[in-house]
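Below, chain A is the first sequence line, B the second, and so on; all start at residue 1.
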Protein chains: 2
Amino acid sequence: MKDPLSDLVGYALRRASSAMMEDMAKRMGALGLRTSEASVLMLIRANPGITQSDLCRALGIQRANMAPLIARMEARKLVARSRSDGRSFGLAVTEAGEELAASARRVSDEQDSGLLAIVPPEHRAHLLPALSALWRADQSSSGQ
Amino acid sequence: MKDPLSDLVGYALRRASSAMMEDMAKRMGALGLRTSEASVLMLIRANPGITQSDLCRALGIQRANMAPLIARMEARKLVARSRSDGRSFGLAVTEAGEELAASARRVSDEQDSGLLAIVPPEHRAHLLPALSALWRADQSSSGQ
DNA sequence: CTGGATTGCTATATTCAATAGCATAAAAGG
DNA sequence: CCTTTTATGCTATTGAATATAGCAATCCAG
């Protein structure tokens, strides 16, 4: 069968990402986390006191979608909110959240090692720089 | 702000892919196509007579999701079905479908050039091989 | 000919993400 | 000080991609 798509970087990017995300969902699911929750949790852990809006900007998530996400994690006592501003909260991980965030970080690192192991050695070092350039360049469209 | 995620290949892959897909959706939307429809159309064009199941296997899409997708495109007279087997159809693009597929291909190529232009020259040639390795290796989970 | 596999399909659920709109609060400018 | 603009968190809704379960018809192999 002819495959006119396999020489497209965009297509390979899409397939690679969806395969990775499926695997990630499985791994984080074992911790009781969604992929989006895992990244939020890790980012809060690294930046105690961060606001939801800052999280949104860092992760490229809409404010509207962040709200229920944080609400779920607060209900599970993974993160705590403390008023910092009349309208915004400072977020921090709880003890349980800290443990879970550490596990999530471990899982992420494991997956990353697995990913790099799959990539032929001569291409390995180029992958992260290339991908980083791709998404950082696109802040024009996702900007604001 | 600390960003514990930016050194993860998996995270960069996710962000790069979602930025690219957003751009792709915009480009294909201008042609009246969804991204999934565009790839299906291009694949049918390259393989006249292909069945839905074969398409599914090639693109990693579930049969259940392919059905309404093909139905939409048939309703728009972009693809035609001819019974080939008591249970399956051979798919082919119509004249209108051929034109649209050609446009979609052109758009994909344009996007791909844009993507590669963003990647620093020294990493450029490594991107497609690395990504291909990543998603082709994962056929264990998406297999069958 | 019978049982298993394949195909196309419906129905449904999940996840992520986008938009529109809103109330409150802060910041900026006169 | 007052008004306008911006920022924040939130609700509600929508769209798209994807996953599963199940079904009827058909094909195929023992």
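Within the 3.5 Å criterion, the main-chain N or O of A:Val9 finds a donor-acceptor partner in the side chain of B:Asp112. The backbone N or O of A:Lys2 sits less than 3.5 Å from a side-chain atom of B:Asn47, completing a donor-acceptor pair. With hydrogens and angles disregarded, a donor-acceptor distance shorter than 3.5 Å links the side chain of A:Ser103 to the backbone of A:Glu99. Listed for the A:Arg15 side chain is no donor-acceptor partner under 3.5 Å among the backbone atoms of B:Arg136. Using modelled atom types, no side-chain atom of A:Ser17 and backbone atom of A:Leu13 make a donor-acceptor pair closer than 3.5 Å. Judged by distance alone, with hydrogens and angles left aside, the side-chain atoms of B:Arg124 form a donor-acceptor pair with the main-chain N or O of B:Val119 at under 3.5 Å. One N or O on the side chain of B:Thr94 and one on the backbone of B:Leu78 form a donor-acceptor pair closer than 3.5 Å.
Counting to the nearest Å, the P atom of D:dT11 and the CE atom of A:Met66 are 14 Å from each other.
For the helix from C:dC1-D:dG30 to C:dG30-D:dC1, the rotation axes defined at the first and last 5 base pairs enclose an angle of 30°, given to the nearest 10°.
Around CD of B:Glu122, the count of heavy atoms belonging to other residues, nucleotides or ligands within 6.0 Å exceeds 12. Environment of CD in A:Glu110: crowded, with over 12 heavy atoms of neighbouring residues, nucleotides or ligands closer than 6.0 Å.
A nucleotide of DNA chain C counts as in contact with chain A when one of its atoms lies under 4.0 Å from a heavy atom; the first and last such, 5' to 3', are C:dT15 to C:dA26.
Using a 4.0 Å cut-off on heavy atoms, none of the residues of residues 46-54 of chain B approach DNA chain D.
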- Item | Base-contact (B) and sugar-phosphate-only (S) positions in nucleotides 17-30 of chain D, heavy-atom cut-off under 4.0 Å, - elsewhere | SBBBB----BS---

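With sequence neighbours excluded, no residue forms a side chain to side chain donor-acceptor pair (under 3.5 Å) with B:Arg34.
Criterion: ILVMFWY side-chain heavy atoms under 4.5 Å apart, direct or through other members. Under it, A:Leu55 and A:Phe89 are not part of a common hydrophobic cluster.
Pairs of residues two or more places apart, or lying in two chains, that qualify as salt bridge (Lys or Arg N to Asp or Glu O under 4.0 Å) and include a residue from residues 44-54 of chain A are A:Arg45-A:Glu98, A:Asp54-A:Arg57.
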